[in-house]
Amino acid sequence: MAKRDNTDISKRYRNIPPGTSMESFLIHGRHFTEKWDFRHHIIPPQSSSVTYRLDKTERGAKGFQEYASGDAHKTSPIYIYDRLDEPTRGMLEDELAGIEGGDFCVAFATGMSAIAAALGVVLKSGDNLVAHKTLYGCTYSLVTNWYPKLNIGHAFVDMRDMAALDAAINDATRVIYFESPVNPTLELIDIEAVRAVADRHNARRPDDRKILVIIDNTFATPYCQRPIEHGADMVVHSLTKNIGGFGTDMGGAVIGPHEMEGQLLLYRKDFGAALAPKSAWPMLVYGLPTLPLRLNHQMETAMQVASFLHGHPKVARVVYPGLENHPQFSLAKRQMRDTQGKFAPGNMIYFETVEKDPNHPHNNIKVVDWIAKHAYTLTLAVSLGQLRTLIENPGAMTHAAVPEEKRRESGISPAGIRLSIGIEAAADIIRDLEQGLARAE
Ligand SMILES: *Cc1c(COP(=O)(O)O)cnc(C)c1O
């Protein structure tokens with residue numbers, strides 16, 4: 001698959017002046033939409049209609065036909081029923097497809113339902129997926145607890161090693177799946193290198209056995225990284241996180257090439273889990289327009305916080321793609337770029353406390369528990385990408401579904417702490433961390 005250049009959003013939609021930036025596009029979208037008569041609204045109305053009036057049988061029949069053929073997302077779709085397609089969610093999908101540089105987006109009720117759909121439309125009994133050894137806990141559980149029941153196999157490899165990836169692929173492999181940056185350890189996977197491995201195998205395969213490269217881009221968001229430009233076939237997101245941005249609604253999305261659109265729409269129709277229009281609306285009206293502002297501020301703060309942690313005597317290790325000591329710093333600089341080309345290492349930090357016995361961390365719990373009780377700007381909570389800075393202990397919380405020895409293999413130390421930087425002042429966050437770390441022995 002050829003890499004694509006999607007930097008000029010005006011080439012994709014009418015009415016957008018050449019050279020328009022992602023910042024402006026996220027506020028104004030397609031300027032007005034033909035999805036519905038929203039032309040005179042500044043803010044699109046929040047649609048709320050389970051079913052739609054059909055003028056005559058013929059219109060209903062045509063609507064179902066177009067839907068099944070994957071043409072349902074065109075400019076003036078025939079709406080039939082919310083779970084099939086509807087306008088508020090449709091506008092959000094247009095913008096997400098636009099900023100990721102894919103042909104389409106299908107939005108789901110949660111990130112997990114989007115991941116299950118992206119994998120579900122490709123994999124069938126007897127197939128196999130190869131995934132990076134460290135995965136979001138529920139994705140790991142999907143692959144290891146549920147797919148074996150469907151006779152779908154898996155192999156976990158360290159995808160920083162392309163020879164290991166190459167060796168893990170066999171005739172049954174249909175999907176290469178990973179996150180980058182990886183949750184929670186923030187190592188990076190080289191998307192172009194993975195693409196090259198997939199292409200080598202695909203050269204000898206018929207079309208219906210080609211390996212697809214699917215990436216979870218939740219941590220970076222399309223503001224910081226656009227994997228399709230680097231050769232990924234499909235991108236999945238938890239919209240619950242940075243894209244939603246305010247922590248009010250859950251959502252997920254799959255973005256990809258036109259060939260997959262019909263299958264994903266059918267999957268969503270039949271398995272359900274369509275994103276509710278009431279949840280799509282705040283993402284469209286608050287989340288996307290402020291994404292660049294929020295992330296720019298959060299990245300500046302993350303850099304300061306990571307630098308503070310890096311020099312701290314009670315911190316054994318800090319991983320932030322923006323720090324020069326990140327083992328893959330040159331890859332970070334190549335792969336994580338905002339649409340203006342500026343280095344964009346994201347708002348997530350991972351660090352480990354110094355421990356006497358790393359298997360039975362003591363300081364880690366003391367620091368996190370002190371913060372949970374006393375810190376003003378840090379909140380002990382899972383999830384990420386909100387206005388508030390969130391702190392959590394992945395080994396005990398988000399990645400608890402991963403068995404302990406697997407966690408260790410994946411580099412998730414019991415002493416690990418994950419930080420999602422919010423929009424508070426950097427000095428306040430650092431003061432809270434400093435006071436928390438002072439509790440470590
Ligand atoms: C949160 C998260 C998910 C799951 O998203 P939900 O919206 O909670 O279902 C998937 N991948 C990553 C990287 C996440 O952080």
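We count ligands from 1, going down the list as the structure has it; atoms in each ligand are counted the same way. The model shown is predicted, which means the values in this text are computed figures rather than measured ones.
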Original post:
Considering only heavy atoms of I115, which atoms of ligand 1 have at least one such atom less than 4.0 Å away?
Top reply: 10 (C)
**OP:** Check the pair F329 / Y320 against ring pair (Phe, Tyr, Trp, His ring centres under 6.0 Å), numbers first and verdict last.
**Re:** CA-CA 9 Å; F329 187 58; Y320 178 59; 9.7 Å; no
Original post:
Taking the side chain from R407 and the backbone from S413, do they hold a donor-acceptor pair closer than 3.5 Å?
Top reply: no
Original post:
Out of M250, M112, M348, R418, who gets a non-hydrogen atom closest to atom 8 (O) of ligand 1?
Top reply: M250
Subject >> Working for ring pair (Phe, Tyr, Trp, His ring centres under 6.0 Å), residues F156 and H154 >> reply: CA-CA 7 Å; F156 292 126; H154 60 268; 4.9 Å; yes
Subject >> Atom NE2 of H310: over 12 foreign heavy atoms under 6.0 Å >> reply: no
Original post:
Checking H132 side chain against M159 main chain: does a donor-acceptor pair fall under 3.5 Å?
Top reply: yes
Subject >> Atom indices of ligand 1 within 4.0 angstrom of N183 heavy atoms, with elements >> reply: 13 (C), 15 (O)
**OP:** Could you tell me if any non-hydrogen atom of L239 lies under 4.0 Å from any atom of ligand 1?
**Re:** no
**OP:** Please write down residue, atom name and distance for the protein heavy atom closest to atom 7 (O) of ligand 1.
**Re:** T240 OG1, 2.6 Å
Original post:
To the nearest 0.1 Å, how far is atom 3 (C) of ligand 1 from its closest protein heavy atom, and which atom is that?
Top reply: Y136 CE2, 3.4 Å
Original post:
Against heavy atoms of L384, which atoms of ligand 1 measure under 4.0 Å?
Top reply: 15 (O)
Subject >> Expected output: side-chain E355 to main-chain N363 donor-acceptor under 3.5 Å >> reply: yes
**OP:** With heavy atoms of K241 as the reference, note each atom of ligand 1 found under 4.0 Å away.
**Re:** 1 (C), 2 (C), 3 (C), 5 (O), 14 (C), 15 (O)
Original post:
Hey, looking at atom 12 (C) of ligand 1, which of V382, D216, T139, N217 has the closest heavy atom?
Top reply: D216
Original post:
Just by distance, do the side chain of E424 and the backbone of T389 share a donor-acceptor pair under 3.5 Å?
Top reply: yes
Original post:
Can G251 be said to touch ligand 1, with heavy atoms closer than 4.0 Å?
Top reply: yes
Original post:
Quick one: which ligand 1 atoms are inside 4.0 Å of a heavy atom on G111?
Top reply: 5 (O), 6 (P), 7 (O), 9 (O)
Original post:
Is K241 positioned over the aromatic face of Y136, cation under 6.0 angstrom from the ring centre and no more than 45 degrees off axis?
Top reply: yes
